[in-house]
Amino acid sequence: MSIVTLTTDFGYSDSYAGVMKGVMLKINRELEFVDITHAISPHDIQQAAYVLYSAFSYFPEGAIHLCVVDPGVGSNRRPIAFEAGGYYFAGPDNGVFTKVIEKLGPSFIYEITNPDFINRSVSNTFHGRDIFAPTAAWIARGGFAMNALGPQIVDPTLIDLPKQTQSAPNLIEGRIIYIDHFGNAVTNITSGLIEKLQKELGAEGVEIEFPSGVIKGILKNYSESPGGAAICATIGSQDTLEFFVRSGSASATYGLSVNDDVDVRFY
Amino acid sequence: MSIVTLTTDFGYSDSYAGVMKGVMLKINRELEFVDITHAISPHDIQQAAYVLYSAFSYFPEGAIHLCVVDPGVGSNRRPIAFEAGGYYFAGPDNGVFTKVIEKLGPSFIYEITNPDFINRSVSNTFHGRDIFAPTAAWIARGGFAMNALGPQIVDPTLIDLPKQTQSAPNLIEGRIIYIDHFGNAVTNITSGLIEKLQKELGAEGVEIEFPSGVIKGILKNYSESPGGAAICATIGSQDTLEFFVRSGSASATYGLSVNDDVDVRFY
Amino acid sequence: MSIVTLTTDFGYSDSYAGVMKGVMLKINRELEFVDITHAISPHDIQQAAYVLYSAFSYFPEGAIHLCVVDPGVGSNRRPIAFEAGGYYFAGPDNGVFTKVIEKLGPSFIYEITNPDFINRSVSNTFHGRDIFAPTAAWIARGGFAMNALGPQIVDPTLIDLPKQTQSAPNLIEGRIIYIDHFGNAVTNITSGLIEKLQKELGAEGVEIEFPSGVIKGILKNYSESPGGAAICATIGSQDTLEFFVRSGSASATYGLSVNDDVDVRFY
């Protein structure tokens, strides 16, 4: 059984994700599907890039990660597939793989053009079904080199994702990059950099500023919150700083959004 | 491994769909489940008929399609199962299979009455668990003819679904039959009929009228939209005309609903 | 293939549930996942206890039931696993297993402390990924006794769940314990006790009182409703009394909530 994961903005009410699975099973019965999510906000490439990145490496090597958030379907945006870090990836060349490529380094990326690996008839509105699903199912069957899929491309589309910066000896500037289901606001500020500065500076404390307030300290876990609607910070499951509210949504209660500035200041 | 797909209105918050899978696995461990959706609007038989139809044929032959949108559960509506087009179907006899039966033609349909293929105890509120899931799991195990399930029925319930009509040499009248997760409004007007008329008439252009407006032309894909909130038409993944808005919901922005009239006029 | 079910409050938009599956597949490829639900209300232990209870026994023996509704993650609440009734369970020791333990009776429950069965690095915010998923995957691989996981605990956390009481010869007092996706309001009043009293009393009729009204009679199924927005009672799929509205939500229409009092009075 090969593992195929799916990350899409198709939602859960239509047959789109199920149809992709059917198409794959017609080509290859030895597949085990894992839905990462089908609830990426419609057309939100940045969100897809983050969610895929947060998940891909937890799977066994050989897993095939399909990502179909594809506002440019049917246009001249290229369908691509590649192998990197022991995993396979397939989806539109629109930036959804930005964080994966940044993490795993350069790899050989191919435009999917070979008709042997896609549906005989290709619609202009659903390449998940007509291109990416068949390609994934064929990759899982194996028996060919990835360059059989089509020409190599050397300029994959990468989107500009905000990065943390150390803008003063005692200051890290970052951003909120994701709001999760609990309303936790995940930043791009890593525990690694926080710990490094704290150690270097022998800092007494840390102050975290966000658009609607300032808090002090980073809690060890959610339970250390004083409770109620107090906004707190902790290190989340991706080893980055995140805001939370014990019994509610930090995002809703404090108006936090993706791309909000966050400053971490040691004193 | 046999494939069992599920199309229900059970939603994602309760244990109902999971329970159906457990019941099936107790009878037959060699099953691979694919959720088409559990988010059919509660009791919406017409929507279920469309969603099932849009998905079933993408699966390998032998797949068993369970459809449980069943407002009449526990009443005298019949539980049915049948084989058609190489697939198996099980669910309530309330019209959910209308489009499948129309497409695949007449077949032998059986009322599920044989206690060997259903739970020992049958509730009046959850035949998905007590009748349809066990029947599907037994069908997947095989070793019996479908008429072992119960008496053949010759009058399956078919619901009256709107059909496109060519009501003048240059006019197709149809309806919106589905609103998807993106707010795209799918009609029952086929690309086949559109292309046929366009060719026959040597038409210069096409005008599409819907309750809240008129637009000209059918775009090749979503990216050809002028953008923003402009409503546009394209041919969707079921080869039918659909309305979309590039960066939003056509349904919400233009107040489009299922059963709205749509006219396609060539000039 | 071993069966692993998942009951969480992770929702469907993040990668959390998918990541848990990836972690398990890295340890054990022979797993079949069944999502019970990921839509438990955030941190709602009582709801999780009910949903897990409503589902677990429908699975084949040997199934491993993961339940991760874990507001105390990273604190001193214990991670536990146990075998009971032929099933395995893993999750936080916060009461999510209350109804399972009540039903299956005492069993040997272990705190998961052995580093061989958990991730090398354990975060303070995601034990689903770092402790419960690995433990479940190792249990599925087998080859060790459950007490290898860690020390036995004899005081598992049990939450106080409302119970039906017969407070007069002709009166059952209970509570609404769950609102489902359809808005049906499920009570903890069993059909067993209702039938017993009805028989003992030779009762002519039954009257059901809830905060916003009183109705007479228990219908055989949903179709017996007079229709529209009338609130009715029937015996639901867990063999307990439930309120429903034929073409809508009983909960929304009549303001019914979990923990509302319900009286069943025979006359």
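Values below: every heavy atom of this structure, side chains too, minus hydrogens, waters and symmetry copies. Within every chain, numbering begins at 1; the chains are lettered A, B, ... in the order of the sequence lines, protein sequences first and strands thereafter.
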Fill in: N124(A) versus N221(B), side-chain donor and acceptor atoms under 3.5 Å
no
Response to the item:
When the 4.5 angstrom heavy-atom criterion is applied to R129(A) and chain B, the contacting part is side chain
Discussion item. Quick check on the interface: out of I40(B), D35(B), I36(B), T5(B), who has the most heavy-atom pairs with chain A under 4.5 Å?
Written reply: I36(B)
Worksheet entry | Side chains of S54(A) and Q238(A), donor plus acceptor under 3.5 Å | no
Practice prompt. Measure distances from F10(A) to the heavy atoms of chain B and classify the residue's part below 4.5 Å as side chain, backbone, both or neither.
Written response: both
Fill in: Heavy-atom proximity to chain B below 4.5 Å, by part of E32(A)
backbone
Item to complete: Kindly assign one of parallel, tilted or perpendicular to the pair Y12(B) and H38(B), based on the angle between their ring planes and the thresholds 30° and 60°.
Response: perpendicular
Discussion item. So if I apply the ring-ring contact (aromatic ring centres under 6.0 Å, His included) rule between F144(A) and each of F117(A), Y110(A), W138(A), which one comes out positive?
Written reply: F117(A)
Worksheet entry | Y178(B) versus chain A, the contacting section by heavy-atom distance below 4.5 Å | side chain
Fill in: Under 3.5 Å side-chain donor-acceptor pair for S13(A) and H181(B)
no
Worksheet entry | Part of S2(B) within contact of chain A (heavy atom distance under 4.5 Å) | backbone
Practice prompt. May I ask you to decide if T125(A)'s main-chain N or O and S237(B)'s side chain share a donor-acceptor pair within less than 3.5 Å?
Written response: no
Fill in: Which of V34(B), L52(B), T7(B), T234(B) touches chain A most, by non-hydrogen pairs under 4.5 Å
V34(B)
Practice prompt. Verify, without hydrogens or angle tests, whether R29(A) (side chain) and M1(B) (backbone) share a donor-acceptor contact under 3.5 angstrom.
Written response: yes
Discussion item. Does any backbone or side-chain atom of D9(A) lie under 4.5 Å from a heavy atom of chain B? Answer side chain, backbone, both or neither.
Written reply: both
Item to complete: Tell me, out of G22(A), G72(A), G11(A), who's got the most heavy-atom pairs with chain B below 4.5 Å.
Response: G22(A)
Worksheet item: For F244(B), is it the side chain, the backbone, both or neither that has a heavy atom under 4.5 Å from a heavy atom of chain A?
Response: neither
